[in-house]
Structures are given as structure tokens and as C-alpha cells.
Amino acid sequence: MNKSLRKAVIAGNWKMNNTPSQTTALINEMKPLLAGADCEVVLCVPFIDIAAAVEAAKGSNIKIGAENVHFKASGAYTGEISAEMLKEAGVEYVVVGHSERRQYFGETDQTVNLRSLAAINAGLKPIICVGETLEQRELGYTETLLKYQTKMALTNVTADQLKDVVIAYEPVWAIGTGVTATADQADEGNRYCREAIAEVYGADVAETVTIQYGGSMNAKNADELVAKENVDGGLIGGASLKAEDFSVIVKAASK
Ligand code: PEP
């Protein structure tokens with residue numbers, strides 16, 4: 001195992017928080033704190049905030065992401081946003097298959113795959129979320145489920161395209177709950193995802209894929225989590241809404 005083959009990515013997921021003016025203010029507060037980071041820094045923001053975020057992040061090391069993307073290129077899909085629209089707006093990353101989308105908006109493994117392909121084909125980098133519920137964990141299905149979700153999400157993605165893909169292992173029971181997976185649980189979940197990739201693409205390819213941990217990562221526990229062999233940064237919800245906390249997490253991943 002050689003962690004240095006992989007790029008650590010710390011991505012904030014703002015969820016349904018911040019207006020455009022709040023976006024400008026928060027990014028302006030973050031910029032000096034995040035300058036000099038030795039990892040990829042991304043803020044995934046609501047669609048309505050993208051223009052303000054791209055403008056505010058100009059000239060900094062902050063990359064802007066979206067929180068979802070539709071899988072069709074265009075057409076009669078009222079209320080949806082295409083990958084091409086995001087690309088032209090200056091977006092580089094997009095969260096796909098977040099558990100809140102799976103839970104509340106009917107996201108399936110198939111649509112996660114289609115969204116990921118649409119993103120890749122438009123030159124965006126999908127951050128593909130996978131994770132087990134507490135019930136699935138207690139029934140002993142964590143490994144099976146993570147491998148299934150990972151393989152399904154990557155159907156028809158080529159080995160070459162994997163360089164633009166980030167996987168985020170997010171145990172559903174740890175998201176927004178304040179309950180964090182232990183560093184060993186995070187490492188194990190990430191390892192299952194990596195093994196799934198190795199089973200399809202080979203171990204050498206799997207070694208190069210960035211796999212984040214997400215689920216109540218914060219300024220206090222980030223050090224321990226990102227130090228783990230299989231953890232290449234994090235997807236951060238609540239703590240990405242506070243400039244100081246987010247910058248501590250970015251510093252932990254920069255060591
Ligand atoms: C998330 O939204 O992906 C997330 C991990 O949220 P939180 O950090 O708040 O648990």
C-alpha cells in the first residue's frame with residue numbers, strides 16, 4: 001500500500017445552506033485560512049450559490065463543486081441541471097449518490113451510475129457516495145453492500161476515467177448525527193471500497209483511487225481519520241459551514 005500514490009481531497013458539502021451573499025462572505029473568510037493547503041480543497045454548494053462561489057474562489061486554491069447532476073444531457077426534465085451547465089458555470093466536482101438523495105429523493109444505484117457517467121463525460125469529477133445504514137451494519141452486510149454499491153456506481157467507467165473519480169465512504173448512521181465512525185471502522189469501510197475497485201480494475205488501479213471518509217468528521221477527529229492508510233481525505237457536511245473548523249480539517253489532510 002502506498003498512500004502517496006493518491007491525492008487527498010477535502011470536500012465540503014454545504015447541503016441546503018447559505019444564500020449567494022452568505023456564500024461570498026464564507027468563502028472570503030475561508031480563503032486566507034486555506035491558502036497553502038497541501039491537498040485538494042473543494043466546496044460543494046447549492047446550485048443557486050455556484051456563480052457566487054466561483055467568483056469568490058477566483059485566484060484561490062478552492063475548487064467549486066455541485067451537490068447533484070442530472071444524467072441526461074438536456075430535455076424535458078423540469079428543475080434539473082445538466083453536467084454541461086455545471087461545467088460552463090465553472091464547477092469541477094459534483095457529489096453523486098449522497099445518502100440524503102438516496103433516502104429522500106429516490107436515488108438508486110442505477111441513477112448514481114448514470115449521473116457519474118454524465119459527470120465524467122462532461123469533464124466533471126464525481127464524488128460518489130456509498131455507505132451502509134445502521135441496520136445493514138448490524139446485520140453484517142457492510143462489506144457486501146459497500147462492494148455492491150461501489151461496483152454498481154462504476155459500471156461502464158473505464159480504468160482511465162477512474163483518475164477523475166472520488167469515492168466517499170459515508171456510513172449513513174454517521175452523517176449529520178455527531179456519531180463518527182472510529183478511525184478503524186472508517187479505514188475498513190474505505191478498504192472494502194478499494195477492494196471492490198481492485199476486483200474489477202486490478203490492485204494497481206485501485207491503489208491510485210482517492211477514497212474519502214465522510215460522517216461527522218470535524219476539527220477534533222480529522223487528524224486520526226485522515227491518518228488511516230485507506231482514508232484519502234474527507235467529505236464534510238456540518239463542519240464545512242464554519243471557516244475555522246474546515247481549515248483545521250484541511251490542515252490535518254495536508255500533513
Ligand atoms: C455529508 O453531508 O456528506 C456529511 C458527511 O455530513 P456531516 O459531516 O455533517 O456528517
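Counting starts at 1 for both ligands and their atoms, in listed order. What you see is a predicted model, and the numbers here were worked out from it, not measured in a lab. These values consider heavy atoms only, across backbone and side chains, with no hydrogens, waters or symmetry-generated copies.
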Got a salt bridge between D187 and R194, using NZ or NE/NH1/NH2 to carboxylate O under 4.0 Å?
no
Name each N or O atom in ligand 1 that is under 3.5 Å from a protein N or O, and give the partner atom and the distance.
{"unit_1": "ligand 1", "atom_1": "2 (O)", "unit_2": "N13", "atom_2": "ND2", "d": "3.0"}
{"unit_1": "ligand 1", "atom_1": "2 (O)", "unit_2": "K15", "atom_2": "NZ", "d": "2.8"}
{"unit_1": "ligand 1", "atom_1": "2 (O)", "unit_2": "H98", "atom_2": "NE2", "d": "3.0"}
{"unit_1": "ligand 1", "atom_1": "3 (O)", "unit_2": "H98", "atom_2": "NE2", "d": "2.9"}
{"unit_1": "ligand 1", "atom_1": "3 (O)", "unit_2": "E170", "atom_2": "OE1", "d": "3.0"}
{"unit_1": "ligand 1", "atom_1": "3 (O)", "unit_2": "E170", "atom_2": "OE2", "d": "2.7"}
{"unit_1": "ligand 1", "atom_1": "6 (O)", "unit_2": "K15", "atom_2": "NZ", "d": "3.3"}
{"unit_1": "ligand 1", "atom_1": "6 (O)", "unit_2": "G237", "atom_2": "N", "d": "3.4"}
{"unit_1": "ligand 1", "atom_1": "8 (O)", "unit_2": "S216", "atom_2": "N", "d": "3.4"}
{"unit_1": "ligand 1", "atom_1": "8 (O)", "unit_2": "G237", "atom_2": "N", "d": "2.8"}
{"unit_1": "ligand 1", "atom_1": "9 (O)", "unit_2": "G238", "atom_2": "N", "d": "2.9"}
{"unit_1": "ligand 1", "atom_1": "10 (O)", "unit_2": "G176", "atom_2": "N", "d": "2.6"}
{"unit_1": "ligand 1", "atom_1": "10 (O)", "unit_2": "S216", "atom_2": "N", "d": "2.7"}

Any chance the side chains of Y213 and E170 put a donor and an acceptor closer than 3.5 Å?
no
Any Lys/Arg nitrogen of D223 or K255 sitting under 4.0 Å from an Asp/Glu carboxylate oxygen of the other?
yes
With a 6.0 Å cut-off (strictly less than), is the heavy-atom count around CD of E84, excluding the residue itself, greater than 12?
no
With K228 as partner, the option from D184, T182, N190 fulfilling side-chain hydrogen bond (donor to acceptor under 3.5 Å, both in side chains) is D184
Assess, by modelled atom type and distance only, whether the side chains of S21 and T24 contain a donor and an acceptor separated by less than 3.5 Å.
no
